[in-house]
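Presented below is the structure to which this report refers.
Reckoned from all heavy atoms, side chains included, excluding hydrogens, waters and symmetry mates. The model shown is predicted, which means the values in this text are computed figures rather than measured ones.
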Amino acid sequence: LELGETRSLELPLDQWVGFEIHTTLGEQADGKWSLHVKVPAGQAKVFRDLPFGNTQFKKLMWVGFMSNADKKTVFFLDEFHLPPATLATK
């Protein structure tokens, strides 16, 4: 797993890995997000204050999963949840 040039994490092969992404979008967006990675038999690794790839990002319009591999590979997706946003103006 690579997050920019300075942050990375070795992921195990043939094992489930959990990912949680947290951010605020809309007018309250601060341009940052965090990633929690849970590997089997290990503590969750948390990457905080990761910058958005585009500073204008305020609304999620599409979600996709892909690999940057240059040879045949496979991955599985299970228990994907995208809960509705809560309004920060409450």
Side-chain angles (χ1 to χ4, degrees):
L1 173 68
E2 294 180 7
L3 300 163
E5 296 178 13
T6 59
R7 300 181 194 190
S8 65
L9 178 65
E10 191 71 29
L11 298 178
L13 295 175
D14 299 322
Q15 296 183 44
W16 288 104
V17 177
F19 296 93
E20 287 186 27
I21 296 172
H22 299 267
T23 192
T24 301
L25 296 178
E27 294 305 314
Q28 294 78 24
D30 64 0
K32 297 176 185 173
W33 61 288
S34 66
L35 175 66
H36 299 234
V37 182
K38 177 70 171 158
V39 295
Q43 291 277 349
K45 175 75 173 168
V46 179
F47 299 91
R48 288 184 169 69
D49 296 327
L50 300 166
F52 287 171
N54 180 330
T55 58
Q56 301 302 310
F57 178 53
K58 304 232 185 261
K59 185 176 182 181
L60 182 65
M61 300 291 291
W62 182 85
V63 175
F65 300 91
M66 61 185 229
S67 169
N68 291 332
D70 57 3
K71 51 185 130 178
K72 189 175 181 178
T73 187
V74 64
F75 63 90
F76 298 93
L77 181 65
D78 189 26
E79 295 187 36
F80 175 77
H81 302 275
L82 184 62
T86 56
L87 297 176
T89 56
K90 285 186 179 179

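Residue-environment remark: NZ (K38) exceeds the threshold of 12 foreign heavy atoms within 6.0 Å. More than 12 heavy atoms of other residues, nucleotides or ligands shown are found within 6.0 angstrom of CD on Q15. Few gaps surround NZ on K58; more than 12 heavy atoms of other groups in view lie less than 6.0 Å from it. Surrounding CG of D78 are more than 12 heavy atoms belonging to other residues, nucleotides or ligands, all under 6.0 Å away.
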Report task. Please lay out, stage by stage, how L50 and T23 fare under the test side-chain contact (heavy atoms from CB on, under 4.5 Å). Result -> CA-CA 10 Å; L50 300 166; T23 192; over 6 Å; no
Query - Stepwise side-chain contact (heavy atoms from CB on, under 4.5 Å) test for L1 and L35 - result: CA-CA 11 Å; L1 173 68; L35 175 66; 4.0 Å; yes
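Contact record, R48 with S34: CA-CB, 4.1 Å, taken as the closest heavy-atom pair.
In terms of modelled atom types and a separation under 3.5 Å, the side chain of S8 and the main chain of L3 share no donor-acceptor contact.
Hydrophobic clustering, with ILVMFWY side chains joined whenever heavy atoms are under 4.5 angstrom apart, keeps V74 apart from L11. No path of Ile, Leu, Val, Met, Phe, Trp and Tyr side chains, each step under 4.5 Å between heavy atoms, connects V46 with L9, placing them in separate hydrophobic clusters. The hydrophobic cluster containing W16 does not contain F19, counting ILVMFWY residues as joined when their side-chain heavy atoms lie under 4.5 angstrom apart, directly or transitively.
Listed by first and then second residue, the ring pair (Phe, Tyr, Trp, His ring centres under 6.0 Å) pairs that reach into residues 57-78 are F52-F57, F65-F80, sequence neighbours excluded.
We find the CZ-NZ distance between R7 and K45 to be 9.0 Å, quoted to the nearest 0.5 Å. The CG atom of D30 sits 12.5 Å away from atom OG1 of T55, with the distance rounded to the nearest 0.5 Å.
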